[in-house]
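Down below is the structure, laid out as structure tokens.
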Amino acid sequence: MPVTTKDSAFVRACRGESVPHTPVWFMRQAGRSLPEYRKIREGVGMLESCRRPDLVTEITLQPVRRHGVDAAILFSDIVVPVAAAGVDLDIVAGTGPVVAEPVRTARDVARLRPITPDDVRFVDEAVQLLVRELGATPLIGFAGAPFTLASYLVEGRPSRTYVKTKALMHGDPALWHALCDRLADITLEFLRVQVAAGVSAVQLFDSWAGALSEADYRAHVLPHSAKVLRGLGDTVPKIHFGVGTGHLLTAMGEAGADVVGVDWRTPLDVAAGLVGGRAVQGNLDPTLLFAPPAVVAAEARRVLDEGAKAPGHVFNLGHGVLPETDPDALTRLVELVHAHGR
């Protein structure tokens, strides 16, 4: 029988099944640290790059060719679907997403229109191209979770304190929930397009949820993330990830994902006891890739041993690849994980 992505180590680990080796991929592997990525992106803005299926395909494939990772992740950005929904924004180099008119009122929320598959046809085209190129290597689709998207829309740009976001959340909870509900619908449709086009799994990034208490997360965030994750049903494995979310792992495990991503602050064996019998993903500190190879190897083995305590383990970093990372360090890490995790 031909090998399919359902038989891959990555998909099997996500489902908590036996694997021939521990699968590994890296967040932000598509770009940033690769010279071939920087070359192909010269003079091309981030949003334009995400809307060109030819560029998306090439950038997504680059780390698979170079590192031999067990899964590709679609090259895109979490603000792509909200831009498709009519939000005037730009991804400014060195800053991040900048919104021309931040969300403050019910009228602002009303401007966020639902998206259709036609609004993100370029994503559908890119996924179909990639599925053909990747063959038995799984492709991961992704989207930003409602809270993280809302924080960008309310703050107007990246924030360290989320003052405006928390003020709206507590000061006008009805408006907050209306905004997050609209964003959940947009995110769900964006992921459904990717699933229909052929991705083998999806990851929901709630990058900034760690700024919240567990009480606030449960009251103001969890219902909207759950709407997205449960809305996908059992079509493909679902991964849920946030940064600084060690105190939220139990609640995040309740949102409906099959795999919970863990940043570098929480040991995977501890996390495995918090996420309700789900597989885990992570969690080598990205900065350790700048240490001598022997140190990286020792720390990677520790992560693998801790991950073995979970029903399934997908090796990853505890956050994204840093731009200054030596690509050869990532290649060596993949080889070590595959050898140690057999």
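Atom set for the values below is all heavy atoms of this structure, side chains included, hydrogens, waters and symmetry mates excluded. Since the model is a prediction, treat every value here as computed from it, not as a measurement.
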Heavy atoms, side chains only, cut-off 4.5 Å: are [X] and [Y] in contact?
{"X": "Phe142", "Y": "Ile78", "result": "yes"}
{"X": "Thr187", "Y": "Pro81", "result": "no"}
{"X": "Asn316", "Y": "Phe26", "result": "yes"}
{"X": "His21", "Y": "Phe315", "result": "no"}
{"X": "Tyr217", "Y": "Leu222", "result": "yes"}

Full working for side-chain contact (heavy atoms from CB on, under 4.5 Å) between Leu336 and Arg301: CA-CA 8 Å; Leu336 184 148; Arg301 291 188 184 101; 4.0 Å; yes
Residue pairs passing the ring-ring contact (aromatic ring centres under 6.0 Å, His included) test where at least one lies in residues 33-68, sequence neighbours excluded: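 Found Tyr37-Phe75.
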All pairs passing salt bridge (Lys or Arg N to Asp or Glu O under 4.0 Å) where residues 82-101 contributes a residue, at least two apart: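 Listed by first then second residue: Glu101-Arg111.
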Selection residues 132-161 - residue pairs positive for salt bridge (Lys or Arg N to Asp or Glu O under 4.0 Å), sequence neighbours left out: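 Matches after skipping sequence neighbours: none remain.
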Residues Val314, Cys14; criterion side-chain contact (heavy atoms from CB on, under 4.5 Å); working and verdict: CA-CA 7 Å; Val314 176; Cys14 288; 4.1 Å; yes
Approximate separation, where rounding is to 0.5 Å, of Lys6 NZ and Arg12 CZ: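 Separation between the atoms: 12.5 Å.
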Contacts of Phe122 that satisfy ring pair (Phe, Tyr, Trp, His ring centres under 6.0 Å) - sequence neighbours left out: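 By the ring pair (Phe, Tyr, Trp, His ring centres under 6.0 Å) rule, Phe122 matches no residue at all.
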Ring pair (Phe, Tyr, Trp, His ring centres under 6.0 Å) partners of Phe190, counting only residues at least two apart: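 By the ring pair (Phe, Tyr, Trp, His ring centres under 6.0 Å) rule, Phe190 matches no residue at all.
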Backbone N/O of Gly282 and side chain of His313: donor-acceptor pair under 3.5 Å: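 Between the backbone of Gly282 and the side chain of His313 there is a qualifying donor-acceptor contact (under 3.5 Å).
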Any donor-acceptor pair under 3.5 Å from Lys238 side chain to Gly233 backbone: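 Between the backbone of Gly233 and the side chain of Lys238 there is a qualifying donor-acceptor contact (under 3.5 Å).
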Hydrophobic cluster membership, Leu61 vs Val44, 4.5 Å side-chain cutoff: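 Same cluster: Leu61 reaches Val44 through Ile, Leu, Val, Met, Phe, Trp or Tyr contacts under 4.5 Å.
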same_hphob_cluster(Val127, Leu129) at 4.5 Å side-chain heavy-atom cutoff: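 Hydrophobic grouping puts Val127 apart from Leu129.
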I'd like a table of donor-acceptor pairs (distance under 3.5 Å, sequence neighbours excluded) in which one partner is a side-chain atom from residues 263-277, with atom names and distances.
from: Asp263; atom 1: OD1; to: Arg265; atom 2: N; distance (Å): 3.0
from: Asp263; atom 1: OD2; to: Gly244; atom 2: N; distance (Å): 2.6
from: Asp263; atom 1: OD2; to: Arg265; atom 2: NH1; distance (Å): 2.4

Lys39 vs Glu36, salt bridge (Lys or Arg N to Asp or Glu O under 4.0 Å): CA-CA, chis, key distance, verdict: CA-CA 5 Å; Lys39 182 177 180 180; Glu36 56 264 42; over 6 Å; no
Side-chain ion pair, Asp305 and Arg302, N-O less than 4.0 Å: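 Not counted as a salt bridge, because no side-chain N and carboxylate O are separated by less than 4.0 Å.
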Pair Arg65 + Glu58, salt bridge at N-O below 4.0 Å: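 Between Glu58 and Arg65 there is a salt bridge, with a charged N closer than 4.0 Å to a carboxylate O.
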All pairs passing side-chain hydrogen bond (donor to acceptor under 3.5 Å, both in side chains) where residues 243-261 contributes a residue, at least two apart: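 Counting only pairs at least two positions apart or across chains, the side-chain hydrogen bond (donor to acceptor under 3.5 Å, both in side chains) contacts touching residues 243-261 are Arg218-Glu254.
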[X]: which residues meet the side-chain contact (heavy atoms from CB on, under 4.5 Å) condition with it, sequence neighbours left out?
{"X": "Ala329", "result": "Leu289, Asp326, Arg332"}
{"X": "Pro146", "result": "Cys180, Leu183, Ala184, His224, Ser225, Val228"}
{"X": "Asp54", "result": "Arg52"}
{"X": "Val87", "result": "Val82, Leu89, Val99, Leu112, Leu153"}

Tyr152 and Trp208 aromatic ring geometry - parallel, tilted or perpendicular at 30°/60° bounds: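 Taking Tyr152 first and then Trp208, their aromatic rings stand perpendicular (interplane angle over 60°).
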Test item: side-chain donor near acceptor, Thr116 and Asp118, under 3.5 Å: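 Side-chain D/A pair, Thr116 to Asp118: absent.
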Contacts of Asp216 that satisfy salt bridge (Lys or Arg N to Asp or Glu O under 4.0 Å) - sequence neighbours left out: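 Listed in chain order: nothing, the list is empty.
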